[in-house]
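In what follows, a structure is listed as structure tokens, so that the remarks can point back to it.
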Amino acid sequence: MTRFLKRPFFERDTLTVAPELLGREIIFNNTKLKKKKGVIVEVEAYTKDDPACHASKGLTKRNEPMFGPGGYSYIYFIYGMYFCLNFVTEVNGVPGAVLIRALEVSGNEDERIASGPGKLCMYLNITKDYNKIDCCREDSPLVITKTNLLKDFSIVQTKRVGISHAKEHPWRWYVEDNKSVSKLIR
DNA sequence: TGCTGGATTATC
DNA sequence: ATAATCCAGCAA
């Protein structure tokens with residue numbers, strides 16, 4: 001028994017896994033800094049046949065974690081200044097990932113301190129050092145709880161954010177009326 | 001070896 | 001609406 005999500009949870013269809021992450025808690029223990037955590041309130045799915053997915057054109061140095069087993073982290077650097085956190089889905093050999101777009105942080109924090117993929121990595125102190133780590137290990141510094149911390153919430157499904165391709169999939173899910181979601185618009 | 005644009009954010 | 005800021009990916 002364990003408190004945290006394990007490999008079988010992640011090694012399923014990306015579009016199934018993504019919305020199931022809503023309400024669960026990410027716990028990140030950067031050993032040199034303060035332990036941080038937050039409840040997932042917004043996610044997006046990226047699959048292999050999708051032009052917007054980093055893995056759509058095959059294996060490269062950057063997207064390599066996406067091709068490995070589910071339950072690993074995939075962290076990339078974007079716009080010269082931000083990191084984005086993903087959890088790898090699908091079995092070994094099949095690329096796929098869920099981008100974590102927003103966390104609700106309890107306590108005295110600003111409710112929008114982690115309301116965006118770049119902001120949440122700054123809040124958690126996540127960097128490339130934690131790329132491709134196995135989040136299913138019991139001693140992993142980065143884990144997700146099995147328990148859902150939100151109750152009686154509704155899920156809204158919409159188009160993804162920041163995708164410039166003509167055809168776009170409705171593969172963004174967020175907790176309805178949650179103050180920590182990245183964008184207020186639909 | 002050089003160029004381009006991006007799964008973003010804060011500010012104007 | 002646009003600057004900040006840099007590197008992966010691709011063309012050559």
Side-chain angles (χ1 to χ4, degrees), chain A residues 10 12-22 24 26 28 30 36 38-90 94-105 109-133 135 142 144 155-175 178-186:
Chain A
F10 296 101
R12 294 180 295 150
D13 183 82
T14 308
L15 302 184
T16 302
V17 175
E20 288 187 21
L21 285 170
L22 295 174
R24 302 180 198 265
I26 290 181
F28 180 58
N30 184 325
K36 296 288 185 75
V39 176
I40 300 169
V41 295
E42 180 181 350
V43 295
E44 283 179 2
Y46 289 87
T47 67
K48 67 177 193 302
D49 295 321
D50 159 27
C53 177
H54 289 170
S56 65
K57 291 177 179 169
L59 179 67
T60 66
K61 182 174 123 191
R62 178 175 66 162
N63 67 28
E64 188 260 332
M66 291 181 83
F67 286 79
Y72 276 68
S73 60
Y74 168 47
I75 296 162
Y76 64 89
F77 189 55
I78 191 70
Y79 293 109
M81 58 187 100
Y82 300 110
F83 291 103
C84 290
L85 170 65
N86 297 251
F87 289 92
V88 175
T89 55
E90 313 281 354
V94 179
V98 177
L99 171 68
I100 307 302
R101 286 196 55 90
L103 301 178
E104 177 183 289
V105 179
E109 300 284 355
D110 170 7
E111 66 193 7
R112 300 193 62 75
I113 190 87
S115 64
K119 293 173 77 174
L120 100 226
C121 285
M122 286 191 284
Y123 174 73
L124 294 174
N125 296 307
I126 291 242
T127 64
K128 204 77 183 283
D129 294 343
Y130 293 88
N131 185 34
K132 206 188 174 190
I133 63 168
C135 302
L142 178 64
I144 305 178
I155 296 175
V156 180
Q157 181 173 3
T158 67
K159 289 192 305 183
R160 294 175 298 183
V161 177
I163 309 297
S164 55
H165 299 74
K167 287 191 176 179
E168 181 38 9
H169 299 288
W171 291 348
R172 175 191 184 211
W173 293 266
Y174 64 86
V175 175
N178 188 284
K179 299 287 202 309
S180 304
V181 166
S182 70
K183 300 210 171 175
L184 312 166
I185 52 116
R186 294 191 183 181

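The figures that follow rest on heavy atoms only: side chains count, while hydrogens, waters and symmetry mates do not. Below, chains carry the letters A, B, ... as their sequence lines are ordered, and counting in each starts from 1.
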*Could you check whether A/Gly118 gets within reach of a base, just the sugar-phosphate, or nothing at all, counting any heavy atom under 4.0 Å?*
sugar-phosphate
*Euclidean distance, atom CZ of residue A/Arg112 to atom P of B/dT9 [Å, nearest integer]*: 10 Å
*Rounding to a whole Å, what distance do you find between A/Leu99:CG and B/dG6:P?*
16 Å
*asked:* If only side-chain N and O atoms count, and only distance matters, is there a donor-acceptor pair under 3.5 Å linking A/Thr60 with A/Asn63?
replied: yes
*Closest to side chain of A/Ile78, choosing from C/dC7, B/dT8, C/dA4*: B/dT8
*Which sits closer to the 5' end of DNA chain C, A/Lys128 or A/Met81, going by the nucleotide each is nearest to?*
A/Met81
*A/Lys119 has a side chain; which of B/dT9, C/dC6, B/dA7 sits nearest to it?*
B/dT9
*Rounded to whole angstrom units, what separation is found between the OH atom of A/Tyr82 and the P atom of C/dC6?*
12 Å
*What does A/Arg62 touch in the nucleic acid at a heavy-atom separation under 4.0 angstrom: a base, only the sugar-phosphate, or nothing?*
sugar-phosphate
_Aromatic ring proximity A/Tyr72/A/Phe87, centre distance under 6.0 Å_ = no
*Touch check for A/Ile163, heavy atoms < 4.0 angstrom, all strands: base, sugar-phosphate only, or nothing?*
sugar-phosphate
_Using a 4.0 Å heavy-atom cut-off, does A/Tyr79 contact any base of the nucleic acid, only the sugar-phosphate backbone, or nothing at all?_
base
_Does the Lys NZ or Arg CZ of A/Arg160 fall within the cation-pi geometry relative to A/Tyr46 - under 6.0 Å from the ring centre and within 45° of the axis?_
yes
_Does C/dA8 have its OP1 or OP2 closer than 4.0 Å to a side-chain nitrogen or oxygen of A/Thr60?_
no
*Any N or O donor-acceptor pair linking the side chain of A/Tyr76 to the base of C/dA8 at under 3.5 Å?*
no
*Between A/Glu64 (CD) and C/dA8 (P), how many Å, whole number?*
14 Å
*Length of the CD1-P vector between A/Ile100 and B/dT8, whole Å*: 14 Å
*asked:* Under 3.5 Å for both donor-acceptor distances, Watson-Crick or wobble: does B/dT4 have a partner, and if so which one?
replied: C/dA8
_Value in whole Å for how far the C1' atom of B/dT8 lies from CD1 of A/Ile75_ = 16 Å
*Using the P atoms only, state how far C/dT5 lies from B/dG2, rounded to an integer number of Å.*
23 Å
*In whole angstroms, how far is the C1' atom of C/dC7 from the NE2 atom of A/His54?*
12 Å
_Please determine whether a side-chain nitrogen or oxygen atom of A/Arg101 lies at a distance below 4.0 Å from atom OP1 or OP2 of B/dT8._
yes
*When you measure from the centre of the six-membered ring of A/Tyr74, is the NZ or CZ of A/Lys132 under 6.0 Å away and within 45° of the axis?*
no
*Which heavy atom in A/Ala102 sits nearest to a heavy atom in A/Ser182, and how many Å separate them?*
CB-N, 4.0 Å
*Rounded to whole angstroms, how far apart are CZ on A/Phe83 and P on C/dC6?*
11 Å
